[in-house]
Amino acid sequence: KDDQKESEPHVYLSKEEVKEKIQSYNSSVTDKLKMTLNANGIYTGFIKVHLELCRPITVQSSQSQGRCAHSNNETAFYLPDGCVNTLHISSTNTVREVIEALLKKFFVTDNPAKFALYKRCHKEDQVYTCKLSDREHPLYLRLVAGPRTEMLSFVLREHETGEVMWEAFSIPELRNFLRILDKEENEQLQILKKRYAAYRDKLEEALGGVWKPG
């Protein structure tokens with residue numbers, strides 16, 4: 001269930017409360033991805049982000065793989081399903097900074113404004129997905145929720161179709177997208193043609209049997 005309501009207000013914790021939560025968090029960690037509290041009160045840790053991108057991303061061509069369309073030194077291609085990336089961040093990093101770090105890690109040249117970070121959580125046997133504002137701090141959300149990803153996970157998606165800022169796309173990017181869409185359209189068209197050709201052959205065969213002289 002997608003829930004587009006504004007996220008819960010940020011509750012500021014004292015340094016002692018943060019220390020206690022980090023100790024509790026680290027005692028529950030099973031993958032060694034613990035948090036560290038620094039003397040200045042800033043803490044660091046890890047978050048895992050699921051990449052659920054429907055549209056192709058544009059990367060430096062030397063880093064690209066898979067189904068793609070080339071344009072000069074850049075390549076547009078689709079990320080495979082199920083991509084998960086782990087980032088080491090601090091409690092001061094905002095959602096916008098996390099998105100920028102993810103794109104940089106994958107050598108993505110797309111404008112970060114095209115993407116949004118969501119939190120996915122379980123409540124009363126239902127799964128809720130809520131878009132985070134650019135000012136929120138993902139590591140704080142991770143700390144409060146604890147290390148169990150089934151209770152809280154992060155998802156990177158494109159903005160919804162109605163929210164897409166097409167002016168953020170460059171001309172080469174748009175042309176690459178069109179090439180990929182044309183290729184997919186032709187592939188689907190060939191599949192449909194083969195399917196209907198098979199139906200036609202069966203119908204003609206059936207008609208031939210009906211009208212065949214006895």
Side-chain angles (χ1 to χ4, degrees), residues 1-14 17-18 20-22 24-31 33-37 41-58 78-106 108 110-169:
K1 178 180 178 181
D2 283 342
D3 184 3
Q4 295 298 329
K5 292 186 297 182
E6 291 187 6
S7 57
E8 299 174 1
H10 189 106
V11 178
Y12 290 96
L13 304 176
S14 68
E17 288 174 324
V18 169
E20 292 177 359
K21 280 192 172 293
I22 289 178
S24 175
Y25 183 97
N26 289 342
S27 67
S28 302
V29 166
T30 58
D31 55 10
L33 300 180
K34 296 184 177 182
M35 293 195 187
T36 302
L37 178 61
I42 296 174
Y43 51 97
T44 59
F46 299 85
I47 61 169
K48 294 181 179 180
V49 182
H50 297 258
L51 308 180
E52 298 181 355
L53 304 178
C54 299
R55 295 187 287 272
I57 58 174
T58 305
Y78 287 94
L79 279 179
D81 294 333
C83 278
V84 181
N85 199 267
T86 302
L87 284 178
H88 184 252
I89 62 174
S90 81
S91 55
T92 62
N93 289 133
T94 63
V95 164
R96 179 51 48 190
E97 290 171 334
V98 166
I99 293 174
E100 291 172 353
L102 272 173
L103 299 182
K104 183 178 180 180
K105 196 170 184 178
F106 278 90
V108 177
D110 292 314
N111 190 327
K114 302 174 189 175
F115 304 92
L117 191 68
Y118 291 75
K119 67 175 181 180
R120 180 182 290 153
C121 53
H122 292 247
K123 292 182 180 179
E124 300 177 355
D125 297 326
Q126 290 192 359
V127 180
Y128 293 85
T129 303
C130 178
K131 186 169 68 174
L132 299 172
S133 73
D134 287 347
R135 299 182 302 277
E136 292 192 77
H137 299 87
L139 194 61
Y140 166 81
L141 298 175
R142 178 79 280 160
L143 176 64
V144 172
R148 295 174 57 190
T149 55
E150 63 269 25
M151 297 304 296
L152 172 73
S153 58
F154 296 103
V155 181
L156 182 72
R157 295 178 178 175
E158 301 95 344
H159 282 294
E160 299 296 332
T161 303
E163 300 175 332
V164 175
M165 295 179 291
W166 294 107
E167 64 273 13
F169 290 82

Side-chain contact test, heavy atoms from C-beta onward, threshold under 4.5 Å: evaluate it for [X] versus [Y] and give yes or no.
X	Y	value
Tyr128	Gln126	yes
His137	Ser91	no
Asp134	Thr94	no
Leu102	Phe115	no
Leu132	Leu141	yes
Tyr25	Pro147	yes

Run Asn85 and Phe106 through side-chain contact (heavy atoms from CB on, under 4.5 Å) and show every step you take. CA-CA 10 Å; Asn85 199 267; Phe106 278 90; 3.5 Å; yes
Mind checking the [atom1]-[atom2] spacing from [X] to [Y]? Nearest 0.5 Å is all I need.
X	Y	atom1	atom2	answer
Asn111	Thr58	CG	OG1	11.0 Å
Thr36	His88	OG1	NE2	6.0 Å
Lys114	Leu53	NZ	CG	11.5 Å
Glu52	Cys83	CD	SG	10.5 Å
Arg148	Cys121	CZ	SG	13.0 Å
Arg157	Leu117	CZ	CG	10.5 Å

Contact summary for [X] and [Y], nearest pair of heavy atoms:
X	Y	answer
Leu139	Gly45	CD2-N, 3.5 Å
Glu136	Pro138	O-CD, 3.4 Å
Ser90	Ile42	CB-CG2, 4.1 Å
Ala101	Leu87	CB-CD1, 4.4 Å
Asp110	Ile57	OD2-CA, 3.3 Å

Of Leu33, Ile89, Leu152, which meets side-chain contact (heavy atoms from CB on, under 4.5 Å) against Arg142?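 Only one option passes, and that is Leu152.
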Salt bridge present between Lys48 and Asp31 (N-O < 4.0 angstrom):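 Salt bridge flag = yes for Asp31 with Lys48.
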Given 3.5 Å as the limit, does a donor-acceptor pair link the side chain of Glu158 with the main chain of Cys54, or not?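 Pair found, side chain donor or acceptor close to backbone of Cys54.
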Hey, does the side chain of Lys105 reach the backbone of Thr86 with a donor-acceptor pair shorter than 3.5 angstrom?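 Yes, the answer is positive, given that a donor and an acceptor are paired below the 3.5 Å cut-off.
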Should Glu97 and Thr92 be marked as a side-chain contact (heavy atoms from CB on, under 4.5 Å) after you check the CA-CA gap, both sets of side-chain angles, and the distance that decides it? CA-CA 10 Å; Glu97 290 171 334; Thr92 62; 5.6 Å; no
